[in-house]
Structure formats: C-alpha cells, structure tokens
Amino acid sequence: MNLQAAISPIYFEDRNLTAWNQWLKEVSLNRIFVLADEHTAQHCLPILKAATPSQVKIHQIIVPAGEYSKSIESAAYIWKELLAGHATR
C-alpha cells in the first residue's frame, strides 16, 4: 500500500501488518500507546488501527508536526499522557 504524504510516500506491506496483528495476539496486550505527529496520525494511524486486534485498546499520543515539537515541553506532554493512560513498560 502506498500513501502519498505531503513530503514523501509512505509504504505499508500487508505482511508487516499481519505480523503486527499476530505479535499483538501472541504477547496478549490489552492496550498499546502510539506516539505520532499529526500528519502520521492522519495518514498511518487508521491503517494501524485496522490491523490491530479489536480487544487491544490504542491510546493515541499526537504531537504537532515539525521541529518545534522536539522540545522538553513535548516530552513532558508525552510523559503526562503515558501516566494518564497507566503505561507500564
């Protein structure tokens, strides 16, 4: 699958998504945390969600796109979201 993003194409292969789904079933996770910028979330997150078993809850942490998101403030926001979602490891 090829998605055209603003800067460059994004490629997904069915075998990778199948492996993702199988791995989640094998490790018996009931939730995962996905960190993405707003563009990745728009283009890739729906595909990742579709490939995730329905019993696995996806906690999304979305940050703005761009270099300014690479900051201590963004790191603090991410940690806050992980703590709020009861992330373990």
Side-chain angles (χ1 to χ4, degrees):
M1 178 181 303
N2 180 2
L3 296 176
Q4 188 61 44
I7 298 171
S8 61
I10 302 165
Y11 297 95
F12 287 94
E13 294 187 22
D14 289 338
R15 68 175 186 220
N16 294 339
L17 296 173
T18 301
W20 165 255
N21 184 290
Q22 185 61 37
W23 179 77
L24 286 173
K25 288 178 181 176
E26 288 173 7
V27 296
S28 300
L29 296 176
N30 61 1
R31 72 175 182 263
I32 59 170
F33 292 80
V34 176
L35 172 62
D37 72 20
E38 57 197 351
H39 299 302
T40 305
Q42 177 186 359
H43 296 288
C44 302
L45 200 51
I47 296 166
L48 186 67
K49 283 176 154 180
T52 301
S54 60
Q55 68 271 18
V56 177
K57 181 180 182 236
I58 298 177
H59 185 94
Q60 302 172 40
I61 303 172
I62 310 299
V63 296
E67 289 298 313
Y68 56 88
S69 290
K70 299 174 184 173
S71 66
I72 295 298
E73 291 79 16
S74 290
Y77 168 74
I78 293 164
W79 280 106
K80 180 182 168 189
E81 290 295 308
L82 290 168
L83 287 170
H86 306 287
T88 54
R89 55 180 166 109

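Here, residue 1 is the first one in the sequence, and each next residue gets the next number.
Minimum heavy-atom separation, A65 to H39: CB-CD2, 3.1 Å. When all heavy atoms of H59 and G85 are compared, the pair lying nearest together is CE1-CA, 4.1 Å. Scanning all heavy atoms of the two residues, the minimum distance from V56 to L29 falls at CG2-O, 3.3 Å. The nearest pair of heavy atoms linking Y68 to S74 is O-OG, 4.4 Å. In this structure, I62 and Y77 approach most closely via the heavy-atom pair O-CE2, 3.6 Å. Heavy-atom minimum distance, A41 versus P46: O-CD, 3.3 Å.
Contacts of E26 classified as salt bridge (charged side-chain N to carboxylate O under 4.0 Å, His left out), with partners at least two apart in sequence or in another chain: none. Here K25 pairs with N21 under the side-chain hydrogen bond (donor to acceptor under 3.5 Å, both in side chains) rule; sequence neighbours left out.
You'll find the side chain of W20 reaches within 4.5 Å of the side chain of L24, heavy atoms only.
Two different hydrophobic clusters hold I72 and V63 under the rule that ILVMFWY side chains link at heavy-atom gaps under 4.5 Å. In the hydrophobic clustering of ILVMFWY residues, with side-chain heavy atoms under 4.5 Å counting as a link, I61 and L83 come out apart. A single hydrophobic cluster is seen to contain both I78 and F33, as judged by linkage of ILVMFWY side chains at heavy-atom distances under 4.5 Å, directly or through other members.
Separating the SG atom in C44 from the CG atom in D37 is a distance of 9.0 Å, to the nearest 0.5 Å.
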